[in-house]
Amino acid sequence: MVDSFQPVFADLVRNFTTTAGTGNFELGAVMTGYRGFETAVKPGDSFYYSVLGIEQADEFEVGRGTMQPDGTISRDPIGSALTDFSEGNKSIAL
């Protein structure tokens, strides 16, 4: 089977997210010193992402994402199941 994943790469892209559970990531404010996903990728673009809980640092996920038309990021974790994130702030990076 051929893997059709062709990721977009960009530097210094990082937002906050407060997404809880296992749904698509909803993007929050851009972190200081970075640019936001909205300026780095467009709907339909795929990329690698990493997410780390700020208050819950033991909660993290690395995967393949796709920017959705509604501005959320779909999730496809690499090597594990979807992380069931708790409430609170997280950092999501491209």
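- Taking CG from Leu52 and CD from Glu59, the interatomic distance works out to 9.5 Å, rounded to the nearest 0.5 Å.
- Under a cut-off of 6.0 angstrom, the local environment of CG in Asp58 is crowded, with over 12 non-hydrogen atoms contributed by other residues, nucleotides or ligands.
- Listed here is the closest heavy atom pair of Ala10 and Ala40: CB-CB, 4.1 Å.
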- Test side chain to side chain contact (heavy atoms under 4.5 Å, CB included) applied to Phe25 and Asn15, step by step: CA-CA 11 Å; Phe25 290 117; Asn15 287 66; over 6 Å; no
- When you look at Arg14 and Ser91, which way does the side-chain hydrogen bond (donor to acceptor under 3.5 Å, both in side chains) test go after all the steps? CA-CA 7 Å; Arg14 188 177 298 263; Ser91 166; 2.7 Å; yes
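- The CG atom of Leu94 sits 12.0 Å away from the OH atom of Tyr49 when rounded to the nearest 0.5 Å.
- Contact of the Phe85 side chain with the Thr17 side chain is not registered, since no non-hydrogen atoms from C-beta on lie closer than 4.5 Å.
- Ring geometry, Tyr48 versus Phe5: the interplanar angle exceeds 60°, so the pair is classed perpendicular (tilted spans 30 to 60°).
- Side-chain contact between Met67 and Ile73 is present, with at least one heavy-atom pair separated by less than 4.5 Å.
- Looking only at side-chain heavy atoms (C-beta outward), Thr83 and Arg75 come within less than 4.5 Å of each other.
- The distance from the OG1 atom of Thr39 to the OH atom of Tyr34 is 14.0 Å, given to the nearest 0.5 Å.
- For the residue pair Phe60 and Ala57, the shortest heavy atom distance occurs at CD2-O, 4.4 Å.
- A donor-acceptor pair is defined here as one N or O able to donate and one able to accept, closer than 3.5 Å; no such pair exists between the side chain of Thr66 and the backbone of Ser74.
- For Glu87, the CD atom counts as loosely surrounded, since its 6.0 Å shell holds 12 or fewer non-hydrogen atoms of other residues, nucleotides or ligands.
- Between atom CG of residue Leu27 and atom CG of residue Asp70 there is a gap of 10.0 Å, rounded to the nearest 0.5 Å.
- Taking NZ of Lys90 as the reference point, atom CD of Glu55 lies at 7.5 Å (rounded to 0.5 Å).
- One hydrophobic cluster holds both Leu12 and Met31 under the rule that ILVMFWY side chains link at heavy-atom gaps under 4.5 Å.
- With contacts defined as side-chain heavy-atom distances shorter than 4.5 Å, the pair Asn89/Thr18 qualifies.
- Between atom OG1 of residue Thr72 and atom CG of residue Asn24 there is a gap of 4.0 Å, rounded to the nearest 0.5 Å.
- Using a distance-only test at 3.5 Å, with no hydrogens or angles considered, no donor-acceptor pair links the side chain of Asp76 to the main chain of Gly63.
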